[in-house]
Each structure stands twice: as structure tokens, then as C-alpha cells.
Peer 1: 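Take a look at this one; I'll ask things after.
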Amino acid sequence: MILLAVFSVLWIFLGWYWGKDSKDLDDFMLGGRNVGVAMGVATAMATWVTSNTTMVAPQLAYQLGIWGMLGYSLGSIGLILFAPLAVRIKKLIPNGHTSGDFMRLRYGKIAWRTFLVISLFYSIGWLVSLGMAAGVLLESLSGIPYEIGLTVILSVCVAYTMLGGLKAVIGTDFIQTIIIVAGVSALGWYAIDTLSLETVYQKVSERNSALLNLAMPAGIMFLFNNLFFGVGEIFHSNVWWSRSFAFSNKTAFRSFSLAGIFWAPIPIAAGFIAFVAFPLEIGIPQADSVGPLVASFLLAKTGSILVFIIVFSSLASSLDSLLAATSDLILTDIYHKHMRPNATKTELRKKVPYVIIILGLVTYALCLPRLSNLAQLLHFTGAFVASTIWPIVFGLFFKKANPKAATWAMILGSGFGLLGYFAIGFYTAALISAAVSLLVTLIGYLRNKVDFQFENLKEKEI
Amino acid sequence: MMISEVAFSLLIKLSLGMVSIMPVIILWLLYKDKKKGQIW
């Protein structure tokens, strides 16, 4: 409880401190559009390290073995591939604010609105899964009741995002990145020092050799599905587009590519903890609790505190980014473009805090009943987000990318992806969605006779 | 086909090693940005 209070006060103070000069809309939403490499790398890493990375990576290693860890680590490919896209985005849309701006200017209103539905559904799904994870994890790690853990984390993130905007998000992400990586590595090295890697390997091969099997079919399928899910999440989400607009021209490419390279070993280092359960002979009642159980077994109370700090930082670093990016999308694409097209920058700046508070309240209302099926919402979104990959890539690089095909690629990709989810398994949704979307986008591209003028993406400033 | 003990050890040690030096690299990048006057 004391730790929770200390970190809460620290994040809110830093949010206020870093954001006190963000009076202008671009300063607040995009950190002044001149973020350097260090902050860029740290914020991309911290945002992509969610509670899933630190908690689900051990779970996947425990269930799917080596491929579970490696598959999760492939999430880094999305960040690396986004680096050239970020450069292209900054060049084509220098005054842009959101991913919605691109879809609207490149493909027109129907594709834009289809995209907004997908993007907002994904954002809410991610917010709810993070909010619920906050309540559940804090309860299991420290005994703090679900409602209190959820209320504290969500209010703290809403408070400092509202006070400081993207600068507060990026600044706190920087500190949270250092806490997360230092914590994960300390835990890993302590485990190796206590048990030795040879012992871990031997005990895993004795107890469940399938986990070390490189030909595990479900694991391999998961690996490719996770690759497309991750790429889809990053390519379409305003969390990453807003960072593209925020990073300076010189730093965008380096920030994303370095963040991807640095992020890749984190799920492996975190996932390794699950293997330690075998030599320690810990009974694991539920696979999703393997990380905290091993940590508390290895380091007793210190281990629980360490995991608590890592998880709290992971949750806050993603929640704040998502709150900021989703509120930007709601403010500019829904409020400004649909409801108040003549609104000035000053007027929009004044509305931002209200949008963040409303978004926080909606998330809170959805998380509070603790409906377990809501936490699964994020899994569904794999089918949706993967359908946006090809319309975005073709739209950014090819003049003949077709607006109608882009809309159908998103609709059909999502539909078939969902079909795969229910008919085969969660690990096929993104894979099928991306394949169908590619086919439709490609057909549209080949049939299109009209060249798009990329100059049309350079919209006047608000 | 099982992953060999050597490959397993290498994978874990390499990953943990990379994660361990990350704070130093990030702080060094911040120092360089500060010298250029471009933190944000």
C-alpha cells in the first residue's frame, strides 16, 4: 500500500512538472513534435511492455515453451517495421495528429469511419484488459482489493496524462522502462545464480520436455499469429502514430528501430522465470500466476515487492499512452471532424482534459463489474487490427492503393479473422485476417487506374 | 526436436545480458540528447 502511494504521488508530480508548459495543443498532444532518441526509445519500449509482457510471457513459456517466449518476442518486429513507416508518415503528413487523419485524407470517409470503429474497439479492448489486469494483479500480488487497485491505477494515470499530456507520458515511460528492465534482469540473474541454467534445463526436460521441443505445432502457429497481431496493433494504433508525429525528423527511425531491438529480449528474460518453477518444484494452480509465484518463492517478500513494482510500472506505462492516444483520436477524429469542424486549436486544447476524464470513466465502468469475458476482448481484436496492416502499408507507399478495396479489406479481413478465431483457435485470427486483407488490397491495387497524389495528405494546420 | 542445452543457455544468457545493459544504454542516449539540447 505504501509503495502504491509513493509511486502514485511520484507519477502525478512528474506529470504536472513536465506538462506545466504544455499550453499549446501540439505541445500537449505531441510533446512539441521534437522528442529526442532517448525519450523516443524509452517510451516506445515502455508502451510495448505491458503487464502482458511481464506476466503473460512467463505464462506462455509455461504453456508453449520455447516458442511461447520467442513468439512473444516477435512483437518487436512490429516496432522495427514501423521505423520506416514513421519516417514516411512524417514526410507525407507533417501536420498530422492521428492515424485517423491519414485514413481520412488517403481513402475518404467510408474507409476512415470503418478504421475508426476498428481502432476505437481495439483501444477500448486494450484499456479494459489493462484496467482489469491492474485490479487483478495488484490483488494477487499485495492483497489490495480489486476495486481499490483498479481505482488507484486508473485515477493516477488519468491524472498525470491530463496534467501533462504526451510529455508526461513520455517522461514517466522513461523512468518506468528503467525500472522494468532492471527488475526483470535482477530476477533472472538471481534465478540463474541460485539454480544454474543446467539444472533448469535438466528439470524442464525431465518434467515437461515438450516445452523445449522446437517442433511444437501450436507454439509455431502462435509465433506467426503473434507476429501479425503485433504488426497490426502497431501499424494502425494511434499510440504509435502519435509518437511518429511527436518524434523529430532525425530521431523517428532510430527511436522505433532501437526500441524494437531492445524490446525483443524482454519477453525471453521474463518468460525464463516460468522454467524456474520446475527445479523449484512449485505447484502452479493457474498458468497466469507462474511469474509472481516463482518470484516470491525465490526472493520471498523482496520478490513480491519487485514483481509488484515491475507490474505497476508496466501497467502505468501502457495505460497512460493509451489514454493519451485514444483521447487524441476521439478529440480530433470524432469531436473536431464530426461535431465541431470549425473548432480552433485553443478550443480543442481546453477540451482535452474532459475527453481524458470521460475515457477514464468509461474504462472504469467497464472494468468495475470484473466480467472475465471482457478481459478476453483484446484477443478478439487480433482479427480486427491485422486487417488494417495492408491498407496502411499500400496507402503510404503506393499511389494506386484503392479506397474501396481498403474498406473491404478491413471488413472482410476482420470477418474471416473472427471466423478463424471461433472455428480454429485464437492463434489463427490475426493470421487469417492479414491474409484476406492482403488479397483484397492487392486486387484493388491491380484494378485501380487512378493515381493518388500524395500532396493531398498535406492538410493545413488546424 | 529438442533445443540443446547449449542453445538454451545461450538464448537465456544473451537475452538477460541485453536486458541488463539497457538502462545504461538508455541513460547514455539521454546524456547525448542533453548535450545536443534535444530531450524534447
Side-chain angles (χ1 to χ4, degrees), chain A residues 18 31-42 45 65-66 69-70 73 166-167 170-171 174 177-182 184-186 188-189 191-192 197-198 200-202 204-205 209-210 212-215 246-248 250-251 254 258 261-272 275, chain B:
Chain A
W18 280 317
R33 294 186 192 262
N34 197 32
V35 174
V37 179
M39 289 289 178
V41 170
M45 277 176 69
I66 289 288
M69 295 194 309
L70 291 176
S73 145
L166 196 63
K167 273 190 183 170
I170 290 176
F174 185 86
T177 301
I178 291 181
I179 293 174
I180 295 163
V181 293
V184 167
S185 72
W189 287 121
I192 291 178
L197 274 170
E198 292 74 21
V200 175
Y201 180 88
Q202 277 162 14
V204 177
S205 54
S209 60
L212 300 172
N213 188 356
L214 291 174
F247 296 169
S248 80
K250 287 179 187 167
T251 63
R254 279 174 70 202
L258 280 178
I261 294 165
F262 290 172
W263 187 89
I266 298 175
I268 300 173
F272 161 67
F275 290 150
Chain B
M1 189 182 71
M2 295 252 289
I3 186 171
S4 72
E5 191 179 322
V6 176
F8 177 78
S9 296
L10 202 65
L11 176 71
I12 304 300
K13 281 188 179 165
L14 204 66
S15 304
L16 273 170
M18 275 180 76
V19 173
S20 306
I21 57 163
M22 257 175 234
V24 182
I25 297 175
I26 293 169
L27 288 169
W28 175 70
L29 287 172
L30 184 69
Y31 169 73
K32 275 181 63 182
D33 281 349
K34 195 168 184 341
K35 266 179 59 177
K36 282 189 273 180
Q38 203 214 341
I39 292 179
W40 46 37

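So you know, we letter chains A, B, ... as the sequences are listed, proteins then strands, and number each from 1. Remember, predicted model here, so these are calculated numbers, not experimental data.
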Peer 1: Between B:Leu14 and chain A, which part of the residue has a heavy atom less than 4.5 Å away: side chain, backbone, both or neither?
Peer 2: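 Interface part for B:Leu14: neither.
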Peer 1: Which residues pass the side chain to side chain donor-acceptor pair (under 3.5 Å) test with A:Ser205, not counting sequence neighbours?
Peer 2: none
Peer 1: Between B:Val19 and A:Ile268, is there a side-chain heavy-atom distance shorter than 4.5 Å?
Peer 2: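 A side-chain contact is absent here, since even the closest heavy-atom pair is not under 4.5 Å.
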Peer 1: Quick check for you: among B:Leu29, B:Asp33, B:Ile39, which has the greatest number of heavy-atom pairs under 4.5 Å with chain A?
Peer 2: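 Winner by heavy-atom pair count: B:Asp33.
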Peer 1: Just say parallel, tilted or perpendicular for the rings of B:Trp40 and A:Trp18, cut-offs at 30° and 60°.
Peer 2: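 Rings of B:Trp40 and A:Trp18: perpendicular, over 60°.
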Peer 1: Check each atom of A:Leu70 against the heavy atoms of chain B and say whether the ones under 4.5 Å are side chain, backbone, both or neither.
Peer 2: side chain
Peer 1: Taking every heavy-atom pair that is under 4.5 Å apart, which of A:Ile179, A:Ile178, A:Leu197 has the most such pairs with chain B?
Peer 2: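 With the most close heavy-atom pairs to chain B, the winner is A:Leu197.
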Peer 1: To check you understand the geometry: which heavy-atom pair defines the closest contact between A:Lys167 and A:Gly31, and what is its length?
Peer 2: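 Minimum heavy-atom contact is CE-O, 3.7 Å.
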Peer 1: Side chain, backbone, both or neither: which part of A:Leu214 has an atom under 4.5 Å from a heavy atom of chain B?
Peer 2: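 Contact with chain B is through both the backbone and side chain of A:Leu214.
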Peer 1: Where does A:Thr177 contact chain B at under 4.5 Å (heavy atoms): side chain, backbone, both or neither?
Peer 2: side chain
Peer 1: Looking at A:Arg254, I'd like to know if its CZ atom is crowded, meaning that more than 12 non-hydrogen atoms belonging to other residues, nucleotides or ligands lie closer than 6.0 Å.
Peer 2: no
Peer 1: Under a 4.5 Å heavy-atom cutoff, which of B:Met18, B:Met22, B:Glu5 has the most pairs with chain A?
Peer 2: B:Glu5
Peer 1: Examine whether an atom of A:Val41 lies under 4.5 Å from a heavy atom of chain B, and if so say whether it belongs to the side chain, the backbone or both; otherwise answer neither.
Peer 2: side chain
Peer 1: Taking ring pair (Phe, Tyr, Trp, His ring centres under 6.0 Å) as the definition, give me every residue that meets it alongside A:Phe262, ordered by chain and number, with sequence neighbours left out.
Peer 2: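 A:Phe262: no ring pair (Phe, Tyr, Trp, His ring centres under 6.0 Å) contacts found.
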Peer 1: Which atom pair, heavy atoms only, marks the closest approach of A:Ala191 to A:Phe272?
Peer 2: CB-CE2, 4.2 Å
Peer 1: For a side chain to side chain contact (heavy atoms under 4.5 Å, CB included) check, start with the C-alpha distance between A:Val37 and B:Lys32, then their side-chain angles and the critical distance, and finish with the verdict.
Peer 2: CA-CA 9 Å; A:Val37 179; B:Lys32 275 181 63 182; over 6 Å; no
Peer 1: Report which part of A:Gln202 has an atom under 4.5 Å of a heavy atom belonging to chain B: side chain, backbone, both, or neither.
Peer 2: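 Interface part for A:Gln202: side chain.
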Peer 1: Please identify, among B:Lys34, B:Lys36, B:Gln38, the residue contributing the most non-hydrogen atom pairs under 4.5 Å to chain A.
Peer 2: B:Gln38
Peer 1: Side chain, backbone, both or neither: which part of B:Lys13 has a heavy atom under 4.5 Å from chain A?
Peer 2: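 Contact with chain A is through both the backbone and side chain of B:Lys13.
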Peer 1: Quick check on A:Phe174 against chain B: is it the side chain, the backbone, both or neither that has a heavy atom closer than 4.5 Å?
Peer 2: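 Looking at A:Phe174, just its side chain touches chain B.
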Peer 1: How about A:Ile180 and A:Met45: do any of their side-chain heavy atoms sit closer than 4.5 Å?
Peer 2: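 The answer is no, as the side chains (C-beta and beyond) never meet within the 4.5 Å cut-off.
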Peer 1: Does any backbone or side-chain atom of A:Lys250 lie under 4.5 Å from a heavy atom of chain B? Answer side chain, backbone, both or neither.
Peer 2: neither
